[in-house]
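Values reported hereafter were calculated over all heavy atoms of this structure, with side chains retained and with hydrogens, waters and symmetry mates removed.
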Amino acid sequence: GTNIGIYRGINVNTGINISDDQWHITDVSWNSSDGATALWLDGNESFSTTFQTGTFITPNGSLAIGGEQDAIDGGYAQNQAHSGDFAEIIVYNLSLNKAQRIIVSNYLAAKYNLTLSSNDYYAYETTHSHQVAGIGRVDYANIHSVAQSGGILKISNPSDLNDGEFLLFGHDNASIGTWSTTETPADSVKRLSREWRFSETGDVGNLILSLDTTLLPALPDGHKGYDLMIDADGDFTTGTVVIPLTYNGSEYNTSAININNGDYVCIGTNSPKVQFNLISSSASESAGTASIEVTLSSLLTTDVDVTFSITGGTATEGAGNDFTISASPLTIPAGSLSGNITVNINDDALIETEETVILDLTLVSANAALGSGTTHTFTISDNDNNGFTGPGGVGDKNINSLWLRANDLTGVDGNPVVTWPDTSQNQNDAVNLSVGREPHFYTSQINGHPVVRFDNTNSEYLGNNLS
């Protein structure tokens, strides 16, 4: 075989050879601004150099997969064609930092049951290999602090993320379609079967767990709101910590909590209660508004007025400051089980630490009584990040230009691949540009996952106008 070369007008020989009939995770980047060039192999930075500083990739070009073009979608040569399999191709339109590269490598290694040569920070790929995501820090300049797994569970705002510390999590691919009382700490609790497991290196401190319910089934009758259940041994019948979640207008959040290495997490729901629905919640400045829910245990035929006040916190109230808030008292209408205190958040341009608003329920009208949860801490978080919905919880459609997964294709072994759909939401599908030179689909080639196979003897390739 030959070494991997990086070509930008001139060719740089990396000295890295992967022609060994083994699966590899290969990550290559080049920056126009400073010429910084790197090749990561199986989780390790194996080559770096500086070249072609200040040059640019020609716009309106064509991306070729499996073939090397000497002109825009032209000049393909059989002796320059790729012969081998791709399971997943990811393109970002900015250079990831080292922490992000490591996290994406761990996502791929867990999914495809591959071994990383270094920087392996996820220990549960044999049981919880699906949609691994995570946060971590290499140093002050290489950090990733918010990540979401499978469009459902997100972690953010670590309080003590230091150099060399990572927290990754993946799930077991169990069903999220049905609520059940199987393996729950009480009969009143229902849960979804899917479980996430957390792998922690170092101690990232407390963090916020968030739940996006878009993909979840409707709540059971008589249940309101969501809980996260945390357990050390995976048996949620005993020793389980149940943490109610607060809705912020777009997702449900915990307060700042600690997750230990090896912890299991699943999603539950409980019957409504009289009090603040949750003792804490948070929202980004970009959310605009957040709702803090107050609940009643049963329906009433008359309105309930709930008096509340701001009793502490570090955020400043008032127009032009950090937030404004709806007037007290809150009225829960007759026939309703809840009402919301609305916080309007000022999305300023300042880089800030977290700021808090502490609210107390102080009085209710005569037809109701205060419950135990009368204090709520609302946290306003700064909103600078590079996205968290992409591969391994890194990036989003704004920076993740291309994401091709063989999993998104269906068929039987040997089916030609005419269109390989782009999962990045940017519609950069890889398509057949030459009839009869399509690669082919094969199932169960790497850890139960399919691949797209390119045959260099037929000069097979797919293309796109991505540049």
Side-chain angles (χ1 to χ4, degrees), residues 145-146 148 153-159 205-213 224-228 242-258 270 272-296 304-332 337-348 350-364 370-385 388:
S145 60
V146 55
Q148 187 180 63
L153 187 63
K154 183 179 77 175
I155 60 175
S156 62
N157 299 96
S159 65
N206 293 336
L207 69 162
I208 293 171
L209 274 66
S210 304
L211 183 66
D212 187 329
T213 62
K224 189 176 184 66
Y226 296 87
D227 303 323
L228 286 182
V242 180
I243 301 176
L245 304 180
T246 298
Y247 188 58
N248 70 3
S250 61
E251 61 187 7
Y252 291 82
N253 299 312
T254 68
S255 59
I257 62 173
N258 184 54
N270 220 317
K273 294 179 173 60
V274 181
Q275 56 199 2
F276 277 117
N277 187 40
L278 299 171
I279 61 173
S280 64
S281 64
S282 65
S284 168
E285 286 182 342
S286 61
T289 62
S291 297
I292 300 173
E293 187 178 34
V294 179
T295 62
L296 296 173
V304 176
D305 291 329
V306 183
T307 302
F308 65 91
S309 61
I310 300 170
T311 57
T314 58
T316 304
E317 182 190 10
N321 293 317
D322 295 316
F323 73 98
T324 59
I325 197 165
S326 54
S328 177
L330 164 69
T331 297
I332 300 177
L337 289 173
S338 67
N340 291 305
I341 299 170
T342 301
V343 179
N344 298 298
I345 306 168
N346 177 28
D347 187 3
D348 56 39
L350 300 175
I351 299 175
E352 302 169 300
T353 59
E354 292 182 346
E355 298 175 303
T356 57
V357 182
I358 300 175
L359 300 175
D360 278 333
L361 303 182
T362 57
L363 185 68
V364 295
L370 288 174
S372 59
T374 58
T375 300
H376 184 95
T377 301
F378 176 70
T379 302
I380 302 172
S381 302
D382 203 14
N383 58 350
D384 295 322
N385 64 69
F388 51 82

Can you check side chain to side chain donor-acceptor pair (under 3.5 Å) on Ser309 and Asp360, steps first, answer last?
CA-CA 6 Å; Ser309 61; Asp360 278 333; 5.6 Å; no

Is a side-chain donor or acceptor of Ser326 paired with a backbone partner of Thr342 at a separation under 3.5 angstrom?
yes

For the pair Leu209 and Ile155, evaluate side-chain contact (heavy atoms from CB on, under 4.5 Å) and give the outcome as yes or no after the intermediate values.
CA-CA 5 Å; Leu209 274 66; Ile155 60 175; 4.0 Å; yes

Given side chain to side chain donor-acceptor pair (under 3.5 Å), test Ser286 with Ser284 step by step and report yes or no.
CA-CA 5 Å; Ser286 61; Ser284 168; 3.1 Å; yes

Are any of the side-chain heavy atoms of Val357 and Ile292 separated by less than 4.5 Å?
no

Rounded at 0.5 Å granularity, tell me how far CZ in Phe323 sits from CG in Asn346.
11.5 Å

Taking it one step at a time, do Phe276 and Leu359 satisfy side-chain contact (heavy atoms from CB on, under 4.5 Å)?
CA-CA 10 Å; Phe276 277 117; Leu359 300 175; 4.1 Å; yes

From Ile358 atom CD1 to Thr311 atom OG1, the distance as rounded to the nearest 0.5 Å
5.5 Å

Would Glu293 and Ser338 count as a side chain to side chain donor-acceptor pair (under 3.5 Å) if you check the C-alpha gap in whole Å, the side-chain angles of each, and the deciding distance to 0.1 Å?
CA-CA 7 Å; Glu293 187 178 34; Ser338 67; 3.2 Å; yes

Among all residues two or more places apart in sequence or in another chain, which pass the side chain to side chain donor-acceptor pair (under 3.5 Å) test with Thr331?
Asp305

Applying salt bridge (charged side-chain N to carboxylate O under 4.0 Å, His left out), which residue pairs with at least one partner in residues 306-319 are found, sequence neighbours left out?
none

Whether the side chain of Ser280 engages the backbone of Ser255 through a donor-acceptor N/O pair (distance < 3.5 Å, no angle test) should be reported.
yes

Distance in Å, Thr377 OG1 paired with Ile279 CD1, rounded so as to fall on 0.5 Å steps:
7.5 Å

Side chain of Ser281, backbone of Phe378: donor and acceptor closer than 3.5 Å?
no

Quick one: does any side-chain atom of Ser328 pair with a main-chain N or O of Phe308 as donor and acceptor, under 3.5 Å?
yes

What heavy-atom pair brings Gly373 and Gln275 nearest, and what distance separates the two atoms?
N-OE1, 2.9 Å

Out of Asn277, Thr374, Ile332, which one pairs with Val294 under the side chain to side chain contact (heavy atoms under 4.5 Å, CB included) rule?
Ile332

Does Ser282 offer a backbone N or O that forms a donor-acceptor pair with the side chain of Asn248 under 3.5 Å?
yes

Grab the two heavy atoms, one from Ile208 and one from Thr254, that are nearest each other, plus how far apart they are.
CG2-O, 3.6 Å

Check for a donor-acceptor pair, side chain of Ser159 on one end and backbone N or O of Gly205 on the other, with a separation under 3.5 Å.
no

Give every residue pair that meets the salt bridge (charged side-chain N to carboxylate O under 4.0 Å, His left out) criterion with at least one member in residues 243-252, sequence neighbours excluded.
Lys154-Glu251

